[in-house]
Amino acid sequence: MQSRDKFKIISEMARRRGFFWQSYEIYGGVSGFITLGPLGSTLKRKIEDKLRDFFIRKLGLFEIETSVIMPGKVLEASGHVKAFQEPMVECNKCTRKFRADHLLLEFAGMNETDTEKLSLQNLMGEINKRGIHCPECGGNFGEPKRFLTMFETTIGPYSEAVGYGRPEAAQGIFVEYKRIYECARKKLPLGVAIIGHALRNEISPRQGPIRLREFTIMDLEFFFDPEKPQCTMLKEVENETLRLLHGKMVLKGVEEPIEVTVKEALSKRLIATEWQAFFMVLSKRFLTELGVPENKQRFIEKQDWERAHYSVQGYDQQVYLDRWGWVEVSGHNYRTDYDLKCHMESSGVDMTAFKEHEQPIEKEEVTVKPITSKIGPAFKDDTSKVVKLLSTLDPRELEVSFKKQGFHIVESFKILPQHVKIVHKKVKEKGKRFIPHVVEPSFGLDRLFYVTLEYAYKTKEGRTLLSLPRDLAPVEIGVFPLMSKDGLPEKARQVYQLLINSGFKVEYDESGAIGRRYARADEVGTPLGVTVDYKTLEDDTVTIRDRNTWRQVRNKVHNLPELFHAYFSYKKEFKELK
RNA sequence: GCGGCCGUCGUCUAGUUUGGUUAGGACAUCAGCCUGCCACGCUGACGACCCGGGUUCGAAUCCCGGCGGCCGCACCA
């Protein structure tokens, strides 16, 4: 490990210039929490807005906002309460900790379905029974304990009602699905996103913005009809390539991803659903726009045992980082109908969708109607029981029995044809109900934020330069008087005000020499510098300086607002500003 | 959470071995001078021993605890 890698250099710069730092520093700091400074909060917000634009606005999807605290029920239903706690045992001799269930898997040849069913006490019992000792030192284990990695609280001060900090935003969408579906006028496919904080009480978060206990994510749940899984926008992406490491490659230890078109990936079933492939392409494009070259990105498939409890196929989008190598920035999971089904079962609320058949299907419906005036006298006290039994019978079976033997026996009762009326009715089935399936792209905003900084970090002639994409730069324009005398500062302040009034984020700086001010601006990634010099006083022109190339062009002050708007929306390049 | 190493101005660091002046430097920041386009120069200012306890006449330095960092183990759904 190098002593001064990019993470360290960027962290130092970030602290100094106000991008991010560890929270609660005055109390010694708490790991797993960071504070975004003045520049950082703006940069992150801009990344967030770009994500919004890319995945929500342009696709016509919905965004909602839900609370961070969730009642226990929700996360019990979703399976998180179970999945987010691990049974641990500690070796009495060497104090090393192990997953109790993993020990049984590894040393006792049990399988996962067996270990999942075991309570803490049973786990202990199994470990003792099978004579498992500490694999490191051979010592005995103490009592197993549960480690819950969700933040737990009670809702209401005197209440017993357990609540958890949400470990993902997604559940907010599933629990509100019914109403959103109505807002969408019951149309599928339907995409819903949440951008917000999530909490995970990580055992040992150590990597700055890469692993936090409180972090920002975007969960996008895309609901579709599993019988109509075709992506309506596939044409737009099908010839684009993805760098994939699919499951079999990973198992073989292959490091170099294959490059396949979306079309191929789908036809070879490397990606399970079209929509998932579509979102993967979008994610690749998005990271490219944040400044990460394609060869520093890849998608790696998760193995069965690595996937979250709700996922049947998952790819992680990874970006190569200087310090940690490949790091996940987004996850793409096929959650099927898992979540809606869980919440339907647990809440009892129907969240199925209805779809019409293209042609109504004609069906003959057979029902049994008990004739109580006949059943009553025949069965006396058992009448109500018989009526009940009749309602559970298959009418067709009853009919066959009558035809064959003239009666039907249920339990000990002999039903005769005169006891019931069998009605045949032709009904048109107009459609059917189903639970939508879900593909989910999920982004870690804090990681995107760090990745953007790391890929923007450059040095030029021994100076630091953040080549942030211009639409993400927290400060857009620096305004400088060449000298802080001779009326130049006054004129520069007028230019500053003009640009501020035109809606730009501008910084005025007259401290130190001009070169130093350029250097300061470069270090925080300010794309453009406007310098007021002696010529400005004569003809009202200023120089405009490009952060990346340090080139300059000249233009009239009154042209600046329009030119800059065009520049920041990528309609003009720097050269065209003259 | 465990083990090893570590924690000094905003940043990077000297000093800790062997307790003893006003804790030194560089960069950055601010003020002034200088300066006609890329961290110029000069003068000055501001600014630190992670927190708590202990040992001692005296602790940045030694001891204990806490917090935090790095590396390894485990965890990362």
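From a predicted model like this one, the values you see are computed outputs, not experimental measurements. Letters A, B, ... mirror the listed sequences (proteins, then strands); counts begin at 1.
Formation of a donor-acceptor pair under 3.5 Å by the Q276(A) side chain with backbone atoms of H332(A) is found in this model.
For R323(A), counting side-chain heavy atoms from C-beta on, the closest listed nucleotide (rG1(B), rC70(B), rA77(B)) is rC70(B).
In this structure, E168(A) reaches neither bases nor backbone, as no heavy-atom distance under 4.0 Å exists between it and the strands shown. Within 4.0 Å of A308(A), counting heavy atoms only, lie sugar-phosphate atoms of the nucleic acid but no base atom.
Checked against side chain to side chain donor-acceptor pair (under 3.5 Å), T464(A) has no partners two or more places apart in sequence or in another chain. In terms of the side chain to side chain donor-acceptor pair (under 3.5 Å) criterion, residue partners of S204(A) (sequence neighbours excluded) are, by chain and number, R206(A). Annotation: side chain to side chain donor-acceptor pair (under 3.5 Å) contacts of T452(A) (sequence neighbours excluded): none. With sequence neighbours left out, the ring pair (Phe, Tyr, Trp, His ring centres under 6.0 Å) criterion links Y177(A) to Y181(A), F223(A).
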Per-pair distances, 0.1 Å, donor-acceptor, side chain in residues 489-499 of chain A, under 3.5 Å, sequence neighbours excluded:
unit_1  : atom_1 : unit_2  : atom_2 : d
K491(A) : NZ     : D540(A) : OD1    : 2.8
Q497(A) : NE2    : N501(A) : OD1    : 3.4

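Judged by distance alone with a 3.5 Å cut-off, a donor-acceptor contact links the side chain of R206(A) to the base of rG72(B). No N or O donor and acceptor, one from the side chain of S311(A) and one from the base of rA77(B), sit under 3.5 Å apart.
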Treat primed atoms plus P, OP1 and OP2 as sugar-phosphate and everything else as base, then score nucleotides 34-53 of chain B 5' to 3': B for base contact with protein heavy atoms under 4.0 Å, S for sugar-phosphate contact only, - for none.
-> -BBBBBB-------------

